[in-house]
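Every value quoted in this text rests on a predicted model; they were computed, and no experiment measured them.
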Amino acid sequence: MSRPADGGSRRLTRWWRRRSLRTRLTVIAATAIAVSVFVAFQIASELLAWELRDTAEDQLRADSRVLAANAERAGLAQVQLPPYPGSGQLVRVILPDGSIRTPAGQPALPPVSEHAGRVAQGASADLMEAGDTDEDGYLVYTLRAGGGAVQVVRVADDSPINRFGLGMLLIGLLCVASGALVGRAVARTGLAPIDRLTAAAVRVARTRDLDADIPDEGGGEIRRLIQSINDMLAALRDSRRAQRLLAEDAAHELKTPLTSLRLNIELLIRLDRRGTLDSALPAESRTRLLNDLGAQVAELSTLAAELTDLARGDVSDESTELLDLADVVVAAVTQARSRVPDIEVALDVTSVWVSGRPAALQRAVLNLIDNAGKWSPADQPVRVRLRAQGASAVLEVDDAGPGIDAADVPRVFDRFYRADSARALPGSGLGLSIVQRVVDAHGGRATVARSPRGGALLRVDLPAAPIARLTAGEDTAVR
């Protein structure tokens with residue numbers, strides 16, 4: 001039995017959701033006024049009915065007292081009862097023996113009730129009764145008089161309430177119509193800023209012009225909404241600008257190795273077609289050329305991997321976990337040694353627990369070690385230190401190279417930035433930018449300074465996990 005009702009409710013809900021906000025406000029305003037008018041009508045009708053009843057009862061008591069006074073003087077059997085004029089109140093005299101007298105021509109009244117009979121017998125002084133016949137309602141007031149009783153009856157007249165109800169209905173309809181018009185006008189005026197905001201948003205979506213801010217107008221919620229959308233447009237502009245810069249920088253960085261690779265391959269193809277490959281390129285030159293080709297392919301692969309990693313924009317794909325940063329550092333050092341067997345790394349790490357993404361952190365540490373390995377002389381190791389300092393995990397990687405010029409320090413972590421002294425070294429200029437991004441994603445800070453050995457010292461501060469304060473200093477073994 002509840003399914004049809006549930007289906008109707010769902011259909012009504014779907015219909016309501018498909019309506020525009022302007023229509024909803026109009027319907028709500030009209031409904032609120034209609035409910036208010038209905039409630040006011042109910043209350044006013046009750047008050048009017050009570051007032052009319054009180055007036056009728058007072059009139060019945062007054063007329064009964066007049067008739068009772070006449071009955072006391074002349075007797076119930078002889079009191080004059082004028083003929084019924086055709087309208088107005090009805091009267092009846094109850095004699096001591098229970099018989100009744102009524103004026104000539106008066107319509108028949110309901111039988112005397114048991115309670116009215118007890119008044120005529122002297123059980124009580126008076127009685128007010130209400131009752132209904134098949135056609136009308138009535139009020140009967142019974143008053144003890146002359147050994148019997150007199151009754152005055154008033155037939156209920158609903159015409160004043162009916163006229164009042166009709167008037168209230170007409171006023172209510174007028175108020176509902178006026179409320180709907182006012183509600184629509186208010187909705188149109190109140191939603192005008194939203195209409196202009198929608199038009200501006202459609203224009204931005206159609207023209208792709210993110211530089212056109214939406215004019216700030218209105219107040220309160222509208223102003224906050226416009227400011228939020230303008231902030232979103234600014235973020236989109238920054239994102240598009242960053243994407244454009246990334247594409248331009250990537251194209252620039254890919255151009256050099258691709259050009260060199262293309263020239264070398266074209267040289268090999270021309271010599272092979274002429275059949276002079278062996279004579280024009282001795283074995284030693286051919287080996288050197290092939291090594292160059294392999295190095296260029298490796299450089300392109302590394303650059304493509306770094307661009308892919310950097311283009312993600314964040315490291316949120318990997319889940320965060322509680323980990324010992326010392327394990328991450330040791331794994332990064334092991335990977336660096338496998339990639340560059342000649343690199344020498346001096347480790348001094350302490351167990352420090354952090355909340356982070358292990359793969360991203362290992363990539364950042366590996367980039368720091370690779371960067372230091374490029375600059376560190378062959379007889380000087382890259383030093384990697386990890387310790388707990390207050391509520392932070394501090395990682396330091398330094399080398400004994402020439403260091404970083406003061407003019408280059410502010411741009412060390414910029415994408416594709418390479419100092420003039422690093423142009424001849426392999427690399428894309430993305431390694432430290434990836435370090436910066438990973439550290440920022442973990443709520444840390446990356447800085448650069450001069451190493452006591454004269455080279456560069458790169459420092460990373462990461463928030464230590466609460467467990468770090470319990471374990472700091474317990475595991476201080478040099479790994």
I'd like to know if the side chain of Ser99 reaches the main chain of Leu95, judged simply by a donor and an acceptor atom lying under 3.5 Å from each other, with no hydrogens or angles considered.
no

Can you check whether Gln151 reaches Ile94 side chain to side chain, under 4.5 Å on heavy atoms?
yes

Determine whether Asp348 and Val384 make a side-chain contact, defined as any pair of heavy atoms from C-beta on separated by less than 4.5 Å.
no

Could you go step by step and tell me if Asp126 and Arg144 meet the side chain to side chain contact (heavy atoms under 4.5 Å, CB included) rule?
CA-CA 6 Å; Asp126 61 351; Arg144 170 95 175 147; over 6 Å; no

Is there a side-chain contact between Leu325 and Leu462 in this structure, where contact means two heavy atoms from C-beta onward sitting under 4.5 Å apart?
yes

Considering only heavy atoms from C-beta outward, does the side chain of Val435 approach that of Leu368 to under 4.5 Å?
yes

Which value, rounded to the nearest 0.5 Å, describes the distance between Leu81 atom CG and Gln106 atom CD?
8.5 Å

Working to the nearest 0.5 Å, report the span between CD of Gln89 and CG of Leu67.
10.5 Å

So does Arg357 get a backbone contact from the side chain of Glu321, meaning a donor-acceptor N/O pair under 3.5 Å?
no

Separation of Gln436 CD from Asp440 CG (nearest 0.5 Å)
4.5 Å

Gln59 and Asp63 side chains, donor-acceptor separation under 3.5 Å
yes

Is any side-chain heavy atom of Arg65 closer than 4.5 Å to a side-chain heavy atom of Leu143?
yes

Say you draw a straight line from CG of Leu366 to CD of Gln362; how long is it, rounded to the nearest 0.5 Å?
7.0 Å

Considering the options Val112, Thr142, Val150, which one meets the side chain to side chain contact (heavy atoms under 4.5 Å, CB included) requirement together with Arg92?
Val112

Under the salt bridge (charged side-chain N to carboxylate O under 4.0 Å, His left out) rule, what pairs show up with a residue in residues 97-122, not counting sequence neighbours?
Glu114-Arg118

Short side-chain donor-acceptor distance under 3.5 Å, Ser351 and Asp324:
yes

Could you list the donor-acceptor pairs under 3.5 angstrom formed between side-chain atoms of residues 29-38 and any protein atom two or more places apart in sequence or on another chain?
| from | atom 1 | to | atom 2 | distance (Å) |
| --- | --- | --- | --- | --- |
| Thr31 | OG1 | Val27 | O | 2.7 |
| Ser36 | OG | Ala32 | O | 2.8 |

Nearest atoms (heavy-atom pairs only) where Leu323 meets Gly356:
CD2-O, 3.5 Å

Check whether any side-chain heavy atom of Pro463 lies under 4.5 Å from a side-chain heavy atom of Val354, and answer yes or no.
no

Can you name the nearest heavy-atom pair linking Val439 to Ala446, along with the distance?
CG1-N, 3.9 Å

Heavy-atom closest pair, residues Val438 and Ala360:
CG1-O, 3.6 Å

Which heavy atom of Asp461 sits nearest to which heavy atom of Ser392, and what is that distance?
OD2-CB, 4.5 Å

Does the pair Asp58/Arg61 count as a salt bridge with the N-to-O cut at 4.0 Å?
yes

Salt bridge or not for Glu396 and Arg387, using N-O below 4.0 Å?
yes

Can you name the nearest heavy-atom pair linking Pro358 to Ser319, along with the distance?
CD-O, 4.3 Å

Show your working on side chain to side chain contact (heavy atoms under 4.5 Å, CB included) between His115 and Val119 and close with a plain yes or no.
CA-CA 7 Å; His115 298 289; Val119 171; 6.0 Å; no

Using 0.5 Å steps for rounding, measure from the CG atom of Leu361 to the CG atom of Asp327.
12.0 Å

Mind listing the closest non-hydrogen atom pair of Leu127 and Ala116 along with its distance?
CD2-N, 3.7 Å

Would you indicate whether the side-chain heavy atoms of Leu139 and Glu129 approach each other to under 4.5 Å?
no

Roughly how far, to the nearest 0.5 Å, is the CD1 atom of Ile369 from the CG atom of Leu458?
11.5 Å

Passes side chain to side chain contact (heavy atoms under 4.5 Å, CB included), Leu347 versus Val329? Steps please.
CA-CA 9 Å; Leu347 270 176; Val329 173; 4.0 Å; yes

Candidate pair Ile100 and Val93, rule side chain to side chain contact (heavy atoms under 4.5 Å, CB included), full reasoning:
CA-CA 5 Å; Ile100 59 175; Val93 175; over 6 Å; no

Within the 4.5 Å heavy-atom criterion, are Arg385 and Leu457 side-chain neighbours or not?
yes

